[in-house]
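Here the structure is a predicted model, which is why all the values come from computation and not from measurement. Each ligand, and each atom within it, is numbered from 1 in the order the structure gives.
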Amino acid sequence: MSFLQKVDKQHLPRHIAIIMDGNGRWAKEKGEDRLFGHFHGVESVRNIVEGAAEIGIECLTLYAFSTENWDRPQDEVNGLMALLVDTIKKEVPTLNKNNIRLNVIGDISMLPAHAQKQLNEALAETAVNTGLNLVMALSYSSRWEIIEAVKNMALEVKSGNLLPGQIDQTVFQQYLSTKNFPDPELMIRTSGEYRISNFLLYQLAYAELYFTPTLWPDFRKENLYEAIVNYQARERRFGKTGEQVKNNQNQV
Ligand code: IPE
Ligand code: IPE
Ligand code: MG
């Protein structure tokens, strides 16, 4: 039985977030340079986006480039940026065919001007799609996002549009770049690293974490479905006791 068959389609996570890691090591294993790994990582992105859309996931966030990744060697940064923006542009017809809406979170102002332009075009061209929300985290870091939210809230308070006493979790969430999406229920990281690396720190508060040694260029739909099956076998307690959770389920 495949993992696809094992997935309970009635209880899918609405939002899956993935730290796509291990491209460099994948390339190194093959005696190639790091960009070769990124190039093959794109094939995994295509496959996983298709796989998520096929089973009806509402939202898929992919961590493609972190704020900290700007500090990598210039050749790698340039190659990776060109690859990312080029791929996004080329994929627009496929996204439209599959009713997928592209979204971007991150400090896009750090991207070269032509890359920003291509990205904005791709966002506009898929804006009417109503299927899967594909969120690319590009030049993203969670601390950056949280500081931006605080700055923008401070400006609203200063201008009198927001009272400090009104700030609660619902209001704060509206200042995050993920304001249009539910919090991820499942976070996957490939390549055997057990850390969050500045990704969605606020939004992952109660996410189930799934770590796999598979390197990103080897990650395919069946690996995604395996992660979902693993997620579905877990008990999410949100601070309650296991008994409370079970009793509640029996009442539903
Ligand atoms: C993930 O692969 C892609 C990005 C971070 C851009 P890495 O490039 O981090 O690959 P490893 O972790 O060095 O193997
Ligand atoms: C996290 O991977 C960022 C992305 C996948 C885009 P890194 O490879 O940059 O993370 P660290 O440095 O191992 O924590
Ligand atoms: Mg890495």
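Atoms of ligand 1 lying under 4.0 Å from at least one heavy atom of Asn69, given by number and element, are 5 (C), 6 (C). Less than 4.0 angstrom separates some heavy atom of Arg195 from each of these atoms of ligand 2: 11 (P), 13 (O), 14 (O). In summary, the atoms of ligand 1 found under 4.0 Å from a heavy atom of His38, numbered by their order in the structure, are 3 (C), 8 (O). Near Leu80, meaning under 4.0 Å from any of its heavy atoms, are these atoms of ligand 1: 6 (C). Residue Arg25 approaches ligand 1 through these ligand atoms, each under 4.0 Å from one of its heavy atoms: 11 (P), 12 (O), 14 (O). Near Phe65, meaning under 4.0 Å from one of its heavy atoms, ligand 2 places the atoms 6 (C). Listed by number with element, the atoms of ligand 1 under 4.0 Å from a non-hydrogen atom of Ala64 are 6 (C). Shown in contact with Ile19 at under 4.0 Å from a heavy atom are these atoms of ligand 2, numbered in order with element: 1 (C), 5 (C).
Using a 4.0 Å heavy-atom cutoff, Ser191 is absent from the residues neighbouring ligand 1. Under the 4.0 angstrom criterion for non-hydrogen atoms, Ala27 is not in contact with ligand 1. Heavy-atom separations between Glu193 and ligand 2 are all 4.0 Å or longer.
Taking the six-membered ring where the residue is Trp, Phe181 and His15 present perpendicular rings, their angle passing 60° and hence far from 30°. Ring geometry for Phe219 versus Trp216: interplanar angle under 30°, hence parallel rather than tilted (30 to 60°). Classified by interplanar angle (parallel below 30°, tilted 30° to 60°, perpendicular above 60°), the ring pair Tyr63/Phe199 is parallel.
Remark: ligand 1 and Arg34 share an N or O pair separated by less than 3.5 Å (distance only, no angle test). Inclusion of Tyr63 in the set of residues having an N or O under 3.5 Å from an N or O of ligand 2 is not warranted.
Protein heavy atom nearest atom 5 (C) of ligand 2, with residue, atom name and distance: Met20 O, 3.3 Å. Scanning all protein heavy atoms for the shortest distance to atom 10 (O) of ligand 1 gives Gly24 N, 2.9 Å. Scanning the protein heavy atoms around atom 2 (O) of ligand 1, the nearest turns out to be Asn23 N, 3.1 Å. The protein heavy atom nearest to atom 14 (O) of ligand 2 is Ser197 OG, 2.6 Å.
Only the side chain of Arg72 comes within 4.0 Å of ligand 1, counting heavy atoms alone; its backbone N, CA, C and O stay farther away. Neither the backbone nor the side chain of Leu215 comes within contact range of ligand 1; no heavy atom lies under 4.0 Å.
For the pair Gln232 (side chain) and His11 (backbone), a donor-acceptor distance under 3.5 Å is present.
For the Mg ion (ligand 3), the N/O/S atoms of Glu193 include none lying under 2.8 Å.
Geometrically, Lys240 does not engage Phe238 in a cation-pi contact defined by less than 6.0 Å to the ring centre and at most 45° from the axis.
Summary: OD1 is the N/O/S atom of Asp21 found nearest to the Mg ion (ligand 3).
With hydrogens and angles left out, the side-chain atoms of Ser44 and Asn47 include no donor and acceptor closer than 3.5 Å. Donor-acceptor pairing under 3.5 Å is recorded for the side chains of Ser2 and Gln5. Using modelled atom types and a 3.5 Å distance limit, the side chains of Thr94 and Arg46 yield no donor-acceptor pair. Looking at Gln203 and Glu145, their side chains do bring a donor and an acceptor atom within 3.5 Å of each other.
Annotation: Phe39, atom CZ; neighbour count of heavy atoms from other residues, nucleotides and ligands within 6.0 Å does not exceed 12.
Shown are Leu155, Asn152, Val157; of these, the side-chain contact (heavy atoms from CB on, under 4.5 Å) with Leu162 is made only by Val157.
Ion pairing between Lys151 and Glu148 holds under the 4.0 Å rule for side-chain N and carboxylate O.
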Could you go through the side-chain contact (heavy atoms from CB on, under 4.5 Å) check for Ile16 and Ile228 one step at a time?
-> CA-CA 9 Å; Ile16 300 177; Ile228 297 174; 3.8 Å; yes
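Protein heavy atoms are absent from the space less than 4.0 angstrom from atom 12 (O) of ligand 2.
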